[in-house]
Amino acid sequence: MVEVFTPTASRQLSQMFLAIVFFHGSEYLLAVAFHGRPNVTLASLLISKHYLFAMIFSLLEYVVEVLLLPELKEHWWISYLGLALVIIGEIVRKLAIITAGIAFTHLIRTHRDERHELVTHGIYRYMRHPGYSGFFIWSVGTQIMLCNPFSTIGFAIVVWRFFYQRIPYEEFFLRGFFGARYDEYAKRVSSGVPFVS
């Protein structure tokens, strides 16, 4: 019988668990830091039904492949590339949140708050949506880290499609809030998500 929890599997699953706990815990804590505990709900943990389904599917893929194709999980350089992407994605996203401060929210604003300013400095100088870019890199990185080929492709497609729809919707409101300033900014700086203008 194959030993499921090989040293590689134990390392990969531990890294995945830590990545998930750190990502969601820090999202919540940063929301509390910038917006105050009374203004933050558990929705700031960013755990939806779709997200849970995707993560459960990825763990099922992992277990099935460990049992049937254990050598697939032993490509340490692929796994460490995934870990590097997880860390890069986390850094990009957290820089976005910290740089935007109170302007960063987990829900798209449809009405302008008097404190809401157009943020174009720091990481926003290089991409308009570093929070989305960071999450895209992080989520795909988690699956590369697990050496999950199907979930890597699935996460890349689903997360990209989500941002492909969300970015134009959000930018409709940003153009309404900031007018020509936002148009000029958008012409100069890419979205930060591949193939989304």
Side-chain angles (χ1 to χ4, degrees), residues 1-28 30 43-97 106 108 123 126-170 190-197:
M1 180 168 184
V2 176
E3 182 187 355
V4 175
F5 289 102
T6 64
T8 300
S10 296
R11 177 185 55 77
Q12 289 168 333
L13 291 172
S14 297
Q15 288 170 344
M16 181 68 173
F17 176 76
L18 289 171
I20 290 171
V21 168
F22 183 82
F23 178 85
H24 295 289
S26 60
E27 289 286 317
Y28 182 80
L30 284 170
S44 288
L45 285 171
L46 300 182
I47 300 174
S48 67
K49 284 186 257 184
H50 293 102
Y51 176 83
L52 282 174
F53 174 78
M55 284 300 179
I56 289 168
F57 178 85
S58 78
L59 290 174
L60 285 174
E61 177 187 352
Y62 186 84
V63 170
V64 167
E65 290 169 356
V66 160
L67 291 172
L68 300 179
L69 300 164
E71 65 279 0
L72 181 67
K73 304 303 179 185
E74 296 296 331
H75 297 286
W76 62 267
W77 61 274
I78 293 175
S79 187
Y80 283 123
L81 170 65
L83 177 60
L85 290 172
V86 166
I87 293 167
I88 290 166
E90 190 70 70
I91 290 169
V92 169
R93 183 160 173 93
K94 294 319 185 260
L95 280 174
I97 295 172
H106 288 125
I108 293 174
I123 195 161
Y126 307 104
M127 57 185 92
R128 298 191 313 272
H129 299 282
Y132 297 158
S133 178
F135 182 78
F136 181 78
I137 295 166
W138 180 88
S139 65
V140 174
T142 62
Q143 300 312 303
I144 295 172
M145 182 175 70
L146 292 178
C147 298
N148 276 354
F150 297 108
S151 291
T152 297
I153 294 166
F155 273 49
I157 292 169
V158 170
V159 175
W160 179 86
R161 188 170 176 267
F162 176 77
F163 291 135
Y164 178 78
Q165 295 170 342
R166 185 177 174 102
I167 287 172
Y169 177 73
E170 181 174 352
S190 76
S191 73
V193 176
F195 309 109
V196 178
S197 58

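Residues: numbered from 1 along the sequence shown.
- Every residue meeting the salt bridge (Lys or Arg N to Asp or Glu O under 4.0 Å) condition with E65, not counting sequence neighbours, appears here in chain and number order: K73.
- Under the side-chain hydrogen bond (donor to acceptor under 3.5 Å, both in side chains) criterion, the residue pairs touching residues 17-27 are H24-Y51, S26-K94, E27-R93, E27-K94, E27-H106, with sequence neighbours excluded.
- With sequence neighbours excluded, the residues that form a side-chain contact (heavy atoms from CB on, under 4.5 Å) with S139 are F135, F155, V159.
- Under the side-chain contact (heavy atoms from CB on, under 4.5 Å) criterion, M16 pairs with I20, M55, S58, T142, Q143, M145, L146, not counting sequence neighbours.
- Between S191 and Y132 there is no side-chain heavy-atom pair separated by less than 4.5 Å.
- The shortest distance between side-chain heavy atoms of H129 and E170 falls below 4.5 Å.
- The line from CG of N148 to OH of Y62 is 8.0 Å long, rounded to the nearest 0.5 Å.
- The side chain to side chain contact (heavy atoms under 4.5 Å, CB included) test with L13 is passed by exactly one of L59, T8, L18: L59.
- Put simply, CD1 on I97 and CG on L30 are 5.5 Å apart, with the number rounded to the nearest 0.5 Å.
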Could you list the donor-acceptor pairs under 3.5 angstrom formed by side chains in residues 82-89, with sequence neighbours left out?
none

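- F163 contributes atom CZ, which lies 9.0 Å from atom CZ of F136 (distance to the nearest 0.5 angstrom).
- Of the inter-residue distances, the one linking S44 atom OG with L46 atom CG reads 6.5 Å to the nearest 0.5 angstrom.
- Residue C147 comes nearest to I78 through the heavy atom pair SG-CG2, 4.0 Å, listed as atom of the first residue, atom of the second, then distance.
- The shortest heavy-atom contact between P168 and Q165 is CD-O, 3.5 Å.
- For A96 against P130, the heavy-atom pair with the smallest separation is CB-CG, 3.5 Å.
- To the nearest 0.5 Å, atom CD1 of residue I144 and atom OH of residue Y80 are 15.5 Å apart.
- Side chains of E61 and P149 form a contact here, defined as non-hydrogen atoms less than 4.5 Å apart.
- Screening residues 155-164 for side-chain hydrogen bond (donor to acceptor under 3.5 Å, both in side chains), with sequence neighbours left out, gives no hits.
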